[in-house]
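A short write-up of the structure that comes next.
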Protein chains: 2
Amino acid sequence: MGVADRRQREKEQRKTGIIDAAECLFFSRNYEEVSMEEIAREVELNKATIYLYFENKEALYAAVVLRGVAILKEKFSACREQKAQGIVKVALMGQAYYRFSQEYPQYLRLIHFYGTERFSKENPCTAEIGKGYGTCRLLLQDAIREGIDDGTIRADLDPFLASMYLMISFMGILSMENKWKLVIEAEGFSSGQFTQEFFRFILPAISTHEKSHAMDAKDFASFGFSLTGPVEPEKKNQKNA
Amino acid sequence: MGVADRRQREKEQRKTGIIDAAECLFFSRNYEEVSMEEIAREVELNKATIYLYFENKEALYAAVVLRGVAILKEKFSACREQKAQGIVKVALMGQAYYRFSQEYPQYLRLIHFYGTERFSKENPCTAEIGKGYGTCRLLLQDAIREGIDDGTIRADLDPFLASMYLMISFMGILSMENKWKLVIEAEGFSSGQFTQEFFRFILPAISTHEKSHAMDAKDFASFGFSLTGPVEPEKKNQKNA
DNA sequence: TTAGTAAATAACTGATGGTTAGTAAAATTG
DNA sequence: CAATTTTACTAACCATCAGTTATTTACTAA
């Protein structure tokens, strides 16, 4: 059935087009500030047509959020492949989250807001979003388990709990950074410092005590980022400037 | 001027009455699900009258949020008075946050949602809310400083950053607990365990390494809560039940 | 009693999420 | 090719709700 096939394809394209338009607008303004009418204008369709493709505004928003989660999941998955000790993988995943927040700040914003009570979540996308985010957490959990096995992570840690705590903290730190920007900068820290220093802060909570400070700097450096290295000296440099 | 005085008092009472009604409704349902009309019905006033006392819906919501923040601030302040080592004070403040989330889960919910992009924050209450929350963070910061001085907290920690990380993490853990409840319980943890274990998890990030595990259990116990004590043995008891 | 003020309201406006009834074009059928 | 059905789309509409305006009521002070 070539015709039905083509129709299906076209329908998919329409849907993509609508999500594109919605994304563009949701990126530029808050959820409540974007109207369905406006999105419709953007794709050059009637508002009612959008409702043929998406149950409601929330569902459309969720579709955009899902794109973001898919990217995040991709980044987390890439960390698993790395041949490294558990603790390094954990750090890499934290780094992945951070890079995601740098490369796609708008996706992060939408993901964060979607996690809010504002959304009822009774829509098909939500399950997928939850699964995607859950997958990230599981990848982190696996890395923690590996770290416990190879002795780089505290053995008394419960991998599930630790992964939850880290995911929640990551999300908190990264999405709060904007809100507290002024306070942070008033204290003489850049946004980058603020998030990077968090890794240094949290590391002793997961790494085995004996090795933590000694080994990390070298091992992490070989993976292309400096966690414990040159952060200290230039810390707070702006403060008394 | 007795009359003007009474009038002022009555006006204040009206305002309080309106906030009471709003609180009642915002506690029972989401922000978007509560209409001004409904709040007006609750206080037995006309909707327009509410607008004589509050600029808009957000401002009214903020007034409720402010009540919650005031309580939280009170709890944090109480911790400062305690005669204890810095690390213990920090733990007490974490505990205070937790108890707040138990005693006033609705206030916590509103505070968390008010921190969202949903609100423009261009209203007089917001400054006070920010100040209140900021005060809590400062109290925590002071406790951290004390801990560094008395040797119970890592000396290489920046008090400002550490206080930010802790506040953000606290808020995240406590407000996420609801959302992830099912996942958490599916893993065999109760909500209480989930939050309590977080303290155990985060402690090594702030306490000086040498003493952390040894001293805490005793010292904390004397302040009426068990942080590191009996949590481990009964952990995950439900999981394979 | 009356003039003036403050508190409160009924009725309205504008915007928006979502629905309905209907149209036009493409695909299918005979 | 003509008749019929299916599909994609739309104009007009509805209900709700935040916020405003014009007006009325209640109280005070002279």
Side-chain angles (χ1 to χ4, degrees), chain A residues 1-19 21-22 25-26 28-64 113-114 118-125, chain B residues 1-19 21-22 25-26 28-64 113-114 118-125:
Chain A
M1 269 296 165
V3 172
D5 209 28
R6 193 203 71 212
R7 280 236 148 130
Q8 187 59 34
R9 222 167 38 239
E10 281 173 350
K11 214 169 165 171
E12 214 54 52
Q13 280 170 4
R14 262 282 123 93
K15 200 165 178 176
T16 304
I18 294 170
I19 301 176
L25 288 165
F26 285 134
S28 73
R29 239 160 320 130
N30 285 354
Y31 180 78
E32 313 286 351
E33 290 166 359
V34 174
S35 74
M36 291 298 269
E37 190 63 54
E38 211 174 348
I39 296 170
R41 256 200 309 276
E42 181 82 17
V43 258
E44 291 172 301
L45 283 174
N46 186 281
K47 183 174 64 159
T49 306
I50 295 180
Y51 283 90
L52 296 173
Y53 292 86
F54 296 92
E55 207 179 328
N56 50 35
K57 196 181 174 186
E58 291 192 12
L60 178 51
Y61 190 80
V64 179
F113 190 57
Y114 191 71
R118 173 65 184 74
F119 296 89
S120 63
K121 319 271 171 47
E122 281 145 4
N123 99 55
C125 256
Chain B
M1 269 297 164
V3 171
D5 208 29
R6 194 205 68 212
R7 280 240 151 122
Q8 187 58 36
R9 223 168 35 241
E10 282 174 348
K11 212 167 163 172
E12 214 55 51
Q13 280 170 5
R14 261 284 125 90
K15 200 165 177 175
T16 305
I18 294 170
I19 301 176
L25 288 165
F26 285 136
S28 73
R29 242 162 316 131
N30 285 354
Y31 179 78
E32 313 288 349
E33 289 165 359
V34 174
S35 74
M36 291 298 268
E37 189 62 53
E38 212 174 348
I39 295 170
R41 257 200 310 275
E42 181 81 17
V43 259
E44 290 170 303
L45 283 174
N46 186 282
K47 182 175 64 159
T49 306
I50 294 181
Y51 283 91
L52 296 174
Y53 292 85
F54 296 93
E55 207 179 331
N56 50 36
K57 195 181 175 186
E58 291 192 11
L60 178 51
Y61 189 81
V64 179
F113 190 56
Y114 191 71
R118 173 63 182 76
F119 297 90
S120 63
K121 319 273 173 44
E122 281 147 5
N123 99 56
C125 256

Between CD of A/E37 and P of C/dG17 the distance, given in whole Å, is 9 Å

Of the listed C/dT9, D/dG19, C/dA7, the closest approach to the B/N56 side chain comes from D/dG19

### Message
Within the 4.0 Å heavy-atom criterion, would you say A/F54 contacts the bases, only the backbone, or no part of the nucleic acid?
### Response
nothing

From CD of B/E12 across to C1' of C/dA7 the rounded distance in Å is 15 Å

Whether A/K11 contacts D/dA8 is assessed here as follows: a side-chain N or O lying under 4.0 Å from the phosphate OP1 or OP2. Is that the case? yes

Would you call the rings of A/F113 and A/F119 parallel, tilted or perpendicular if under 30° counts as parallel and over 60° as perpendicular? perpendicular

Exercise. Pick base, sugar-phosphate or nothing for A/T49, based on heavy-atom distances below 4.0 Å to the nucleic acid.
Key: base

When rounded to whole Å, the CE to C1' distance for the pair B/M36 and C/dA10 reads 17 Å

hbond_proxy A/K57 side chain to C/dG18 base (donor-acceptor, 3.5 Å cutoff)
no

Answer for the Watson-Crick or wobble partner of C/dG14, both distances under 3.5 Å, is D/dC17

message: Considering every strand and a 4.0 Å limit on heavy-atom distances, what is the contact class for B/L45: base, sugar-phosphate, or nothing?
response: sugar-phosphate

| message | Applying a 4.0 Å non-hydrogen cut-off, can you work out what B/V43 is touching in the nucleic acid: base, sugar-phosphate, or nothing? | response | nothing

- Message: Does C/dA27 have its OP1 or OP2 closer than 4.0 Å to a side-chain nitrogen or oxygen of A/R6?
- Response: yes

Taken to the nearest whole Å, CD/A/E38 to P/C/dG14 is 19 Å

Under a 3.5 Å limit on both distances, the Watson-Crick or wobble mate of D/dA30 is C/dT1

Between B/R14 and B/K47, the residue closer to the 5' end of DNA chain C by nearest nucleotide is B/R14

When rounded to whole Å, the OH to C1' distance for the pair B/Y31 and D/dC17 reads 11 Å

Next on the checklist: With heavy-atom distances below 4.5 Å as the criterion, would you say the side chains of A/R118 and A/E58 are in contact?
Outcome noted: yes

Exercise for the section: Using atom types as modelled and distance alone, determine if a side-chain donor or acceptor of B/K57 lies under 3.5 Å from a backbone N or O of B/V34. Expected result: yes

Correct closest heavy-atom pair for A/N46 and A/A40 would be C-CB, 3.9 Å

From the candidates C/dA10, D/dT10, D/dC17, the one with an atom nearest any side-chain atom of B/S35 is D/dC17

From CD1 of A/I50 across to C1' of C/dG17 the rounded distance in Å is 11 Å

Does A/E10 pair with A/R6 as a salt bridge, N-O distance under 4.0 Å? yes

OP1 or OP2 of C/dT20 under 4.0 Å from side-chain N/O of A/Y51
no

In terms of heavy-atom contacts, B/A63 and B/F54 come closest through CB-CE2, 3.9 Å

Query raised in the report: Side-chain N or O of A/N46 less than 4.0 angstrom from OP1 or OP2 on D/dA11?
Result: yes

Rounded to whole Å, CZ of A/R41 lies from P of D/dA11 at a distance of 13 Å

Here the distance between atom P of D/dC17 and atom CD of B/E58, to the nearest Å, is 17 Å

